[in-house]
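Contents: one structure, followed by commentary.
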Amino acid sequence: MIDPQIIFQDQDVLVINKPFGVVVNNAETVRDEKTIQDWAKGSIQALENEDLESEFVKRGGIVHRLDRETSGVMVLAKNKNSFENLQSQFKERKVEKIYLALVHGHLKEKEGRITGKIGRVGSFGKFGMNENGRESETNFKVNDFYTINEDKFNDMVSKNEIKLNKNQMNYIKSNAWNYTYVTVMPKTGRTHQIRVHMKSLGHPLVSDQIYDPRKLLKLDLLWCPRLFLHARELSFYHPASNERLKFEARLPAELDEYLSFLDNSK
């Protein structure tokens, strides 16, 4: 596991930049992988001294999570009081979260709000808009519009020895030629919320191995081998001083590089 970068810490909180590909919580399905929760055990001294049955210890100080495929800012509690305080802030929606994402297609609206219930759909950890689910809300704002650079696309196809017939090219031109770079502000914290909400608009995230149509995913992974979703900013009240704090994590270098495959189409 690549250890997370520590952005800030004091006696109450630990703010990190979680790398892509790292799981946050321990689970039976990831027994052979080192998680953020494992890493926290060696970084938060109170986890060794507190009551082993407390939620603070059981959860390794983790009060929220990011998907394995998502990078960016996370906050961990360094003691039981901070843990309970931060949990309450998330529950009461006092925490503000800002993400950066690249989605398929050109969004028609420059900004918008997505609401509805999200719940489990079928098996294999997939979620979707579901009347039996939990209420959710996400706001978004368009940053830029992009299109595939045709020369780079042709070079990529040639290097990977891909042969495309007329129907396949028509599909790509219709579904995989245009992109929108968006700032996303989820007000709730449902599993896969941003991914589900953007797909519900007909604009799935680039390289989403769960929610992308297979034809799109196959092309995405050739030039963007990871989910294009990054938690850029997190703000909350300090659990001891009550001061409002804000922390940022820049867009990872690899995502900047993947954007260069595209042309700005403003």
If the plane angle is over 60° it's perpendicular, under 30° parallel, otherwise tilted; pick one for His64 and Phe90. parallel

Greater than 12 external heavy atoms within 6.0 Å of Glu92's CD: yes

Side-chain contact test, heavy atoms from C-beta onward, threshold under 4.5 Å: evaluate it for Ile210 versus Lys199 and give yes or no. no

Would you check if there is a donor-acceptor pair between the side chains of Ser71 and Arg226 at a distance under 3.5 Å? yes

Answer with yes or no after comparing the ring centroid distance for Trp223 and Tyr179 against a 6.0 Å cut-off, counting only values under it. yes

Is atom OH of Tyr237 surrounded by more than 12 heavy atoms (other residues, nucleotides or ligands) closer than 6.0 Å? no

For Thr183 and Asn143, does a side-chain donor sit closer than 3.5 Å to a side-chain acceptor? yes

Would you say Gln193 and Thr188 are linked by a side-chain donor-acceptor pair, where the criterion is simply a distance under 3.5 Å? yes

Is the gap between the ring centers of Phe247 and Phe8 under 6.0 Å? yes

So, His104 side chain and His203 main chain: donor-acceptor pair closer than 3.5 Å or not? no

Please check if the distance between the ring centroids of His197 and Phe140 is under 6.0 Å. no

Between Thr35 and Asp38, a side-chain donor and acceptor under 3.5 Å: yes

Would you call the rings of Phe145 and His106 parallel, tilted or perpendicular if under 30° counts as parallel and over 60° as perpendicular? tilted

CZ/Arg244: more than 12 non-hydrogen atoms of other groups inside 6.0 Å: yes

So which heavy atom on Leu205 is nearest to which on Phe228, and how close? CD2-O, 3.8 Å

Salt bridge (charged side-chain N to carboxylate O under 4.0 Å, His left out): which pairs involve residues 164-187, sequence neighbours left out? Glu150-Lys173

According to the salt bridge (charged side-chain N to carboxylate O under 4.0 Å, His left out) rule, which pairs have a member within residues 204-223, sequence neighbours left out? Arg195-Asp208

